[in-house]
Amino acid sequence: MDVSAANHHRPTAAAPATVPAAADKVAQEFEAMIVGQMMESMFAGLESSATFGGGGPSEKPWRSFMLQEYGKAIAEAGTLGIGAMVREEVARLYAAQQAPQSAQQPAETAS
């Protein structure tokens, strides 16, 4: 199933060009972590079946790794928009942090 076209969340305002490039990566990693945690909760109650090779001692760690990778894939597709919202907030906070500094610089040079 292709979910890449289901990205309904679009940023409302353009982020400042001065936002660190790492903000995109951090936002995507955060979304992947959140989605992975949600999926862990979803799969917590499922019983494994020996019929399909499950139930062994390695299934629990394997399932955790699998759900982390699912979270990364969903975050990379950007279908939920959590990463975009985090990036917007980082951009807003970064711009607010930079605004007082840029407002002080002309006043300091005038003295």
Side-chain angles (χ1 to χ4, degrees):
M1 175 168 83
D2 181 22
V3 291
S4 60
N7 187 1
H8 300 292
H9 178 76
R10 298 283 184 228
T12 54
T18 58
V19 175
D24 288 329
K25 182 180 182 217
V26 170
Q28 186 173 344
E29 288 174 356
F30 180 77
E31 182 173 5
M33 179 195 67
I34 293 295
V35 172
Q37 290 296 315
M38 287 190 309
M39 294 185 87
E40 287 276 349
S41 296
M42 289 170 44
F43 279 77
L46 293 180
E47 296 291 326
S48 56
S49 171
T51 305
F52 297 105
S58 63
E59 181 173 1
K60 190 172 183 175
W62 179 84
R63 183 182 285 185
S64 177
F65 291 136
M66 177 188 70
L67 295 175
Q68 286 175 9
E69 291 302 314
Y70 283 168
K72 288 177 187 176
I74 291 169
E76 187 177 314
T79 55
L80 297 179
I82 296 170
M85 288 186 281
V86 170
R87 187 187 187 292
E88 286 177 21
E89 186 64 16
V90 168
R92 188 186 65 77
L93 292 172
Y94 190 76
Q97 183 182 25
Q98 296 301 315
Q101 292 175 0
S102 61
Q104 289 175 0
Q105 288 175 353
E108 291 174 4
T109 56
S111 297

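Predicted, not measured: the structure shown is a model, and the values here were computed from it.
At a threshold of 4.5 Å between side-chain heavy atoms, the hydrophobic network of Ile, Leu, Val, Met, Phe, Trp and Tyr places Leu93 and Phe30 in two separate groups. No continuous path of ILVMFWY side-chain contacts below 4.5 Å connects Phe65 to Met42, so the two sit in separate hydrophobic clusters.
When all heavy atoms of Gln28 and Glu76 are compared, the closest pair comes out as NE2-CA, 3.2 Å. Shortest non-hydrogen contact noted between Val35 and Gly71 is CG1-CA, 3.7 Å. Nearest heavy-atom pair, Met39 versus Leu67, reported as atom, atom and distance to 0.1 Å: O-CD1, 3.7 Å. When all heavy atoms of Ala75 and Ala32 are compared, the closest pair comes out as CB-N, 3.6 Å.
A salt bridge is absent between Arg92 and Glu88; no separation between the charged side-chain nitrogens and carboxylate oxygens falls under 4.0 Å.
Around CD of Glu40, the count of heavy atoms belonging to other residues, nucleotides or ligands within 6.0 Å exceeds 12.
Under the salt bridge (Lys or Arg N to Asp or Glu O under 4.0 Å) criterion, Glu69 pairs with Lys72, not counting sequence neighbours.
In this structure, Arg63 CZ and Tyr70 OH are separated by 10.5 Å, a value rounded to the nearest 0.5 Å. Interatomic distance, Met38 CE to Leu80 CG, rounded to the nearest 0.5 Å: 6.0 Å.
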* **Derivation of the side-chain contact (heavy atoms from CB on, under 4.5 Å) call for Val26 and Val90** => CA-CA 10 Å; Val26 170; Val90 168; 6.0 Å; no
